[in-house]
Colleague: 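Dropping the structure in here first, questions after.
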Amino acid sequence: MSVENAPVVDVDEAAIPVEKKMYYRFESNDKKEFRVSELAIQQSETLNRLVEAMGYTSEDVENKPAIAIENIDGKTLKLVFQWCEHHKGEAIPVDDGSVPKIVEIPEFDAKLMDIDNGLLFKLIWAADYLNIVQLLNVSCKKVANMAQGKTPAQLRRVYLLPSDEEDEAAKRAAQEAQDPRAREVEEEFEERKRQGGNSFF
Amino acid sequence: MFTCCFPFRKMNSKIEEISDPCHPNLPNMPKVVMEEVLKNLDCRSIFCLRKVCHDLFFSIDKIKPDLHLDSVRFELPITTSSIESYFENSSESVKESFMGIYQPRTGCRIKSRHNYVEIPMEDAESLLKNPKLILDELHIDLRLYTAVSDAFFRLGKDLKKFFETMKFILEGPQLLKAKSVELSVHNLSEAAEILKFIDPKSLKSISIVEEDWSLPKKRNEMNFGKLVDSTEMDMADGNSEFKGKTSRETSFIFS
């Protein structure tokens, strides 16, 4: 099944027919609503426990408000639920502690994760937050593959990270932009020190 | 309205505290994510990742990932420029023959899944301080081969410095766990000093080669009993081996 055809229903976007079975409604922090099947939800330990604890019936799902997931935006949540729908019914892998970990990225997952770094890290964060073990495995494998065999300079480019020097300079610039007087005070202090003054005040 | 606003995972580390979905990049990921990424990387990539920025450096050192090392080998670090300085008054042929024996190296070489990687000594320090680390083999080679007295004097100074660094690296809160230790030393007191830092319970075999080509050959009066006493060896099991070898190729096996 292709990524595009994964049966996650984004209520705001399309009227894709939903199969007649138990599903749940979730809402992202930017108010996008999704309908996800009960079987797909089982991939997320966190959501599975939540819906079990709520004890919703089909009527409740329709009549009660969607379950809000406050820390995840719609774009990320859509990827998460697409992944869960595609892998519904699959066994949750158990970590056997082997290093290096043997993880294969299926074609569907590779396509799903063919996204920019920012969104990829949001997806990883969401996978961890919602405790979706296999999604966390494949997404971390993708991040590791990006690092394999690279020098520190290449890694900075891959992960779009500044060097420590660049980071310090950016922080200083941001601080100065926020409080231009701070720089003047610092310069005045340095000048007084040069002139031999012991106290600034 | 039902809200799925779960608390963040337990805040048990600095990494966990800074995990932030609003600024999604690798240093801001939760500890469990960093651990997963590191599980998929070989040791060379982990050392490179550690050098990307301070945040990753501290995250990785805190996690202390399993590098799955087969062996760690320490040898006196030698650079092309140091060879030039050792033999500044010597002929080119002497320099070349020395180069033939000693390739330029950083001091520490690690072997992981049949791949050899040279790492700087400061990386070796954090590597050996990992309490999860159990080495299959630890090799320490402190020997020098040169008949040029000037060069030996200069090399000897560097060797002394290196030996002190080695002891500093090996000295940690826990004893280093290694199944097999192979030491190439100038005298047994060097070996005894190194063995103090190894956990005797992890040891299955020790091999000591005592050779010094810079000195006139003499019969080595080796007292392995004394060495064993001084390091209070309590080997891992009854099949453990203790081999000693002198420049006269005499070997001893203790079971």
Side-chain angles (χ1 to χ4, degrees), chain A residues 26-27 46-47 50 54 56 64-73 76 95 97-103 117-131 136-137 139-156 158-164 166-167, chain B residues 1-9 15-16 18-60 63-70 112-113 115 117 123 132-134:
Chain A
F26 294 94
E27 192 181 75
T46 310
L47 292 181
L50 183 80
M54 285 174 154
Y56 268 19
K64 291 183 176 174
I67 301 164
I69 301 178
E70 290 195 340
N71 292 322
I72 305 174
D73 63 34
T76 313
D95 192 350
S98 61
V99 175
K101 205 164 171 168
I102 298 158
V103 178
N117 278 357
L119 190 53
L120 176 64
F121 283 114
K122 279 185 180 180
L123 180 68
I124 293 175
W125 194 93
D128 174 50
Y129 185 65
L130 300 174
N131 210 347
L136 189 63
N137 284 345
S139 52
C140 287
K141 175 75 178 176
K142 162 131 184 166
V143 171
N145 286 349
M146 288 156 71
Q148 207 72 262
K150 303 261 187 339
T151 63
Q154 287 169 326
L155 287 170
R156 277 184 211 111
V158 167
Y159 294 128
L160 306 172
L161 294 170
S163 65
D164 289 325
E166 288 166 342
D167 198 29
Chain B
M1 182 174 162
F2 292 98
T3 300
C4 174
C5 184
F6 317 109
F8 281 62
R9 295 204 167 201
I15 314 157
E16 205 79 29
I18 62 166
S19 80
D20 182 359
C22 301
H23 300 95
N25 62 22
L26 193 55
N28 287 353
M29 286 291 112
K31 184 183 173 194
V32 67
V33 171
M34 272 306 293
E35 284 172 343
E36 282 303 314
V37 172
L38 294 174
K39 276 182 201 171
N40 286 290
L41 286 174
D42 60 25
C43 59
R44 185 199 288 263
S45 301
I46 292 175
F47 278 113
C48 285
L49 199 57
R50 213 168 146 262
K51 288 179 185 155
V52 167
C53 63
H54 278 124
D55 286 345
L56 284 176
F57 180 92
F58 291 119
S59 301
I60 294 171
I63 290 169
K64 298 189 188 305
D66 183 355
L67 296 172
H68 205 69
L69 292 179
D70 300 326
S112 172
R113 299 190 298 280
N115 292 320
V117 183
D123 285 348
K132 290 179 210 160
L133 182 71
I134 303 174

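All chains are named by letter (A, B, ...) in the order of the sequence lines, taking the proteins before the strands, and each is independently numbered beginning at 1. All values derive from a computational prediction rather than experimental measurement.
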Colleague: Are the side chain of A/Thr76 and the backbone of A/Leu123 linked by a donor-acceptor contact shorter than 3.5 Å?
Modeller: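 Checking the backbone N and O of A/Leu123 against the side chain of A/Thr76, no donor-acceptor pair under 3.5 Å is found.
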Colleague: State, yes or no, whether a side-chain contact exists between A/Leu130 and A/Ile72 at a heavy-atom distance under 4.5 Å.
Modeller: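 They are in contact (side-chain heavy atoms under 4.5 Å apart), so the answer is yes.
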Colleague: Quick one: of A/Lys142, A/Gln148, A/Lys141, who has the most non-hydrogen atom pairs under 4.5 Å with chain B?
Modeller: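 Among the listed options, the one with the most contacts to chain B is A/Gln148.
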Colleague: As an exercise: rank A/Thr151, A/Ile124, A/Leu161 by heavy-atom pairs under 4.5 Å with chain B and give me the winner.
Modeller: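 Maximum pair count with chain B is reached by A/Leu161.
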Colleague: Looking at B/Val52, B/Leu56, B/Leu49, which has the largest count of heavy-atom pairs under 4.5 Å with chain A?
Modeller: B/Val52
Colleague: With sequence neighbours left out, what residues match B/Arg44 under salt bridge (Lys or Arg N to Asp or Glu O under 4.0 Å)?
Modeller: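 By the salt bridge (Lys or Arg N to Asp or Glu O under 4.0 Å) rule, B/Arg44 matches no residue at all.
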Colleague: Could you tell me which portion of B/Ile46 (side chain, backbone, both or neither) has an atom closer than 4.5 angstrom to a non-hydrogen atom of chain A?
Modeller: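 Neither; nothing under 4.5 Å.
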Colleague: State which residues pass side chain to side chain contact (heavy atoms under 4.5 Å, CB included) with B/Ile134; sequence neighbours excluded, sorted by chain then number.
Modeller: B/Lys177, B/Lys179
Colleague: Counting only N and O atoms by type, is there a donor-acceptor contact under 3.5 Å from the side chain of A/Asn117 to the main-chain atoms of A/Val158?
Modeller: yes
Colleague: Which region of A/Lys150, side chain (C-beta onward) or backbone (N, CA, C, O), has a non-hydrogen atom less than 4.5 Å from a non-hydrogen atom of chain B, or is it both or neither?
Modeller: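 Interface part for A/Lys150: backbone (N, CA, C, O).
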